[in-house]
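Right, one structure below, let's go through it.
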Amino acid sequence: MPELPEVETQTRDLQKSLLGRKVIRIWTDTPKALHPSLRIFQTELVGKKIVRVTRRAKYVLIELENLIWVTHFRMTGHFLVRQSGVPREKFVRHIFYLDNGLELRLEDIRKFGEMSLIYSKKQSRTLWEQPGSDPVFPIWRESEQVWKKLNQLGPEPLDKGFTLLKFKTILKGKKGSLKQKLMDQNLVAGIGNIYADEICFESKLHPLSRLEKLSLTQIKKLHEVIRQVLKRGIQYRGTTIGEFVDTKGRPGGFQNLVQAYGRKGKPCLCCGTLLKRIVVGQRGTVFCPKCQKLVS
DNA sequence: AACCGCGCCTGCCTGC
DNA sequence: TGCAGGCAGGCGCGGT
Ligand SMILES: [Zn+2]
């Protein structure tokens with residue numbers, strides 16, 4: 001599943017292939033995944049130069065002059081950059097034909113991935129004041145919705161500003177099981193099921209530990225481990241268990257370093273105890289019953 | 001605010 | 001071997 005390290009890997013690849021490019025044509029299999037509509041993508045995205053590619057949480061943000069093209073991969077999505085003429089992969093849902101003969105393809109088995117075309121913040125406010133732009137009204141609505149979500153996101157755990165103090169501040173008054181809170185995008189952005197299991201394992205905390213009961217020492221450890229695990233994920237270009245690949249279609253390497261996720265019934269790499277599987281927040285969760293302390 | 005269950009979607013795994 | 005049924009899971013939604 002694409003989480004922060006996977007989305008970052010894709011984003012870094014896209015920076016190399018998309019800067020200065022224009023989309024000249026769009027093909028899609030799944031128009032319902034394009035918001036506000038395929039039609040708006042055709043009229044507003046086609047012909048605009050790409051000026052910046054960044055990541056926020058698990059979103060890829062492809063910036064044009066006054067617009068941002070926002071992609072969320074959900075479960076099984078990723079971009080591929082292919083030379084035109086290379087046969088379309090089976091699960092490609094959209095193709096964005098570029099002005100240099102390359103194609104940006106979204107491959108997504110389960111069709112959960114979504115894209116939005118929204119105004120950059122400044123533009124959104126300006127146009128809101130101006131009536132009479134009927135043809136693009138759907139973009140206003142989409143912009144409002146997506147910006148609301150983006151503005152609610154918690155801090156980027158790998159940013160300089162994500163200090164221990166910052167972490168303590170955002171956790172203040174929050175209650176719940178550790179793993180669920182780690183995956184709450186509005187607390188800390190970008191952590192999903194795989195990295196949450198790894199973070200719990202490395203910080204030696206049971207995923208059902210109560211956040212509000214953690215000691216200062218444990219919070220400090222957690223803060224360090226979050227950054228360390230995510231950085232290593234990026235260094236290894238993501239985790240490929242099933243489908244994730246970079247934009248050239250190459251798998252990542254972090255799956256070889258995974259200590260908990262997907263290792264139910266296998267010996268703990270730390271103590272040899274067999275790892276257990278439970279469900280936390282409707283998500284499969286693997287942990288070592290001996291190494292990971294339940295704080296409650 | 002926390003927490004639960006559902007729907008979205010489809011390849012893959014299990015069991016008969 | 002074939003087919004039905006369950007599973008996986010990010011996220012938004014609605015309900016308690
Ligand atoms: Zn152990």
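The model shown is predicted, which means the values in this text are computed figures rather than measured ones. Proteins come first, then strands; the chains are lettered A, B, ... in the order of their sequence lines, and each starts at number 1. Computed from heavy atoms alone, side chains included, the values below leave out hydrogens, waters and symmetry copies.
Summarising the geometry, the separation between NZ on A/K179 and C1' on B/dA2 is reported as 18 Å, rounded to the nearest angstrom. As rounded to whole Å, 19 Å separates atom C1' of C/dA8 from atom CZ of A/F244. Residue A/D197 contributes atom CG, which lies 13 Å from atom P of C/dA8 at whole-angstrom precision. Rounded to whole angstrom, the span from the NZ atom of A/K32 across to the P atom of B/dG7 amounts to 14 Å. Rounded to whole Å, atom C1' of B/dA2 lies 16 Å from atom CG of A/L171. What separates CG of A/D108 from C1' of B/dC8 is a distance of 12 Å, to the nearest Å. Between A/M183 atom CE and B/dA2 atom P there is a gap of 15 Å when expressed in whole angstrom units. For the pair A/I194 CD1 and C/dG9 C1', the interatomic distance rounds to 10 Å; values are reported in whole Å.
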For residues 152-160 of chain A, which side-chain N or O atoms pair as donor and acceptor with protein atoms under 3.5 Å away, sequence neighbours left out?
unit_1, atom_1, unit_2, atom_2, d
A/E156, OE1, A/R55, NH1, 2.9
A/E156, OE1, A/R55, NH2, 3.0
A/E156, OE2, A/R55, NH1, 3.4
A/E156, OE2, A/R56, NH1, 3.0
A/E156, OE2, A/A57, N, 2.5

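Applying the 4.0 Å criterion to OP1 and OP2 of C/dG9, one finds that A/Y261 has a side-chain N or O inside that range. Residue A/Q185 places at least one side-chain N or O under 4.0 Å from the OP1 or OP2 atom of C/dC11. Phosphate contact (OP1/OP2 of C/dC7, side-chain N/O of A/R277, threshold under 4.0 Å): absent. Within the 4.0 Å cut-off from OP1 or OP2 of B/dA2, at least one side-chain nitrogen or oxygen of A/K181 is found. Note on A/H72: a side-chain N or O is less than 4.0 Å away from OP1 or OP2 of C/dC11.
Counting only N and O atoms by type, the side chains of A/S120 and A/N66 include no donor and acceptor under 3.5 Å apart. Side-chain contact check for A/T239 and A/Y195: at least one donor-acceptor pair (N or O, by modelled atom type) lies under 3.5 Å. Side-chain contact check for A/E142 and A/S116: at least one donor-acceptor pair (N or O, by modelled atom type) lies under 3.5 Å.
A donor N or O paired with an acceptor N or O is found under 3.5 Å between the base of B/dG5 and the side-chain atoms of A/Q282.
Once the 5.5 Å centre distance and the 30° plane angle are applied, the aromatic ring of A/F112 is found not to be stacked with the base of C/dC11.
Nearest nucleotide to the A/M75 side chain, out of C/dG10, C/dG12, B/dC3: C/dG10. In the set C/dG10, B/dC3, B/dA2, B/dA2 carries the atom at the smallest distance from any side-chain atom of A/K174.
A salt bridge between A/R74 and A/E114 is present, with a side-chain N of the basic residue lying under 4.0 Å from a carboxylate O of the acidic one.
Contacts of A/Y195 with the nucleic acid, taken as non-hydrogen atoms under 4.0 Å apart, are absent.
Within 6.0 Å of OH in A/Y97 there are more than 12 heavy atoms belonging to other residues, nucleotides or ligands. Atom NZ of A/K290 is surrounded by 12 or fewer heavy atoms from other residues, nucleotides or ligands within 6.0 Å.
Just one of A/F112, A/Y59, A/F79 meets the ring-ring contact (aromatic ring centres under 6.0 Å, His included) condition when paired with A/F73; it is A/F79.
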Close N/O contacts between protein and nucleotides 10-14 of chain B (under 3.5 Å):
unit_1, atom_1, unit_2, atom_2, d
B/dT10, OP1, A/K111, NZ, 2.8

